[in-house]
Amino acid sequence: MNVGKLDLFSLQVLIELLEQENVTASAIKLNVSQPKVSRTLTMLRETFNDELLIREQNSMKPTKLAESLYYPAKHLIENYQLIADAMSYHANKNKEINIACQSHFGPIILESLKLTAKELSMDYTFNINPWTDQDQVQRLHSLSQLDYSIAVNPPQSEKINKYLIGTVSKFFLVANRKHPIFTESLDIETALSYPLALLNYCITEQKQHRIEVLAEKLNIPINIILKTMDLDLLLYNLETSNSISYIASFLIKQPVAKRKSLKAQDITHLFSQKGNDIHQRNGIKRPDIGIYLQATKKTPILFTNKLAENLKRMISNLNE
């Protein structure tokens, strides 16, 4: 057994194969070719004189030796990344992290960044920039002008790693607590009959809001009086007008609690059922709404993983 052949990449391949139990999935996760993963697996088998993973139907199952190697190998990778990140941190005079997100994500990302830096004993300047649109953010990532961003269902990119940090599972009707809609029997027609204020997701892209798409599919006329990326402005408008809005759960918990004149009512079942019916008629699966941390490839892996963990925990708490 010649463990001298082992390097960081071979250990990463071993870990991914043990976690994914599939060569193709491991290659995608590592952003390398499938043949490269297969060649590395062959080298690992020769090094340990063990099959390590045995093919069974559509997956690969670890041998006893492979199972015993998992945690030591994972700890080695984490320690290596800690050393590499520390070296990069002290060698880099520009200790600034650039992030793009919508304003209502600002407090969540800032608290997570500060916590991550504290956990890793690193000092950074956090430069939080306003979100424009997905194409522009992707371009800034590719130019290494952005380190991180928060996005909803972003596309795959060879130059960007993405980490799922939350899902949108609940939606709430938000309006002035004296609004008559809270005393009515709520169906989809009633829900869309009042003036709407919508939280928009981009500045430069002319994309329809999900509510607009749903109303169009159902052939229900709607009256939109406001679209904005500013959650505070949206909530102010709801306080001072007869308009209503529909907002994801983790975005409203804290800001609505601060505004005693507003009320939030869970209407997830209403829109979920209609959305499912429409997608079933069209023969397609209703897409999940995922919130992702996007990270430029050059970002420190350990810092990024810690940041993703902290964001995921914070969003989970807000969803609850």
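Atoms considered below: every heavy atom in the structure, side chains included; atoms not considered: hydrogens, waters and symmetry mates. For reference, positions follow the sequence shown, starting with 1. Computed from a predicted structure; not experimentally measured.
- Under a 4.5 Å side-chain heavy-atom cut-off, the cluster of Ile, Leu, Val, Met, Phe, Trp and Tyr residues that includes I54 has no other member.
- When all heavy atoms of N237 and S241 are compared, the pair lying nearest together is O-OG, 2.6 Å.
- The minimum heavy-atom distance linking L235 with P255 is given by the pair CD1-CB, 3.5 Å.
- Under the salt bridge (charged side-chain N to carboxylate O under 4.0 Å, His left out) criterion, D232 pairs with R259, not counting sequence neighbours.
- Exactly one of K260, K263, E239, Q265 qualifies for a side-chain contact (heavy atoms from CB on, under 4.5 Å) with R177. That residue is K263.
- Although no hydrogens or angles enter the test, the distance criterion places no donor-acceptor pair under 3.5 Å between the side chain of Y246 and the main chain of L196.
- Hydrophobic clustering of Ile, Leu, Val, Met, Phe, Trp and Tyr side chains at less than 4.5 Å, counting indirect connections, keeps V32 apart from I301.
- In this structure, F126 places its CZ atom where more than 12 heavy-atom neighbours from other residues, nucleotides or ligands lie under 6.0 Å away.
- In summary, of the residues considered (N127, T304, N98, I99), a side-chain contact (heavy atoms from CB on, under 4.5 Å) with D147 occurs for N98 alone.
- No more than 12 heavy-atom neighbours from other residues, nucleotides or ligands sit within 6.0 angstrom of NZ on K36.
- Both the sub-6.0 Å distance and the 45° axial angle are not jointly satisfied by K95 relative to the ring of Y124.
- A salt bridge is absent between E21 and R55; no separation between the charged side-chain nitrogens and carboxylate oxygens falls under 4.0 Å.
- Annotation: K258, atom NZ; neighbour count of heavy atoms from other residues, nucleotides and ligands within 6.0 Å does not exceed 12.
- A salt bridge is defined here as a Lys NZ or Arg NE, NH1 or NH2 lying under 4.0 Å from an Asp or Glu carboxylate O, and E111 with K114 meets this definition.
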- Might you work through the ring pair (Phe, Tyr, Trp, His ring centres under 6.0 Å) test for Y148 and H141, ending with a clear yes or no? CA-CA 8 Å; Y148 301 104; H141 271 297; 8.0 Å; no
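- Aromatic ring pairs are classed by plane angle as parallel below 30°, tilted from 30° to 60° and perpendicular above 60°; the pair H179 and F182 is perpendicular.
- The environment of CD in E19 is crowded: more than 12 heavy-atom neighbours from other residues, nucleotides or ligands sit within 6.0 Å.
- Other residues, nucleotides and ligands contribute over 12 non-hydrogen atoms within 6.0 Å of the NZ atom of K162.
- Minimum interatomic distance between S185 and T190 (heavy atoms only, all atoms of both residues): O-OG1, 3.8 Å.
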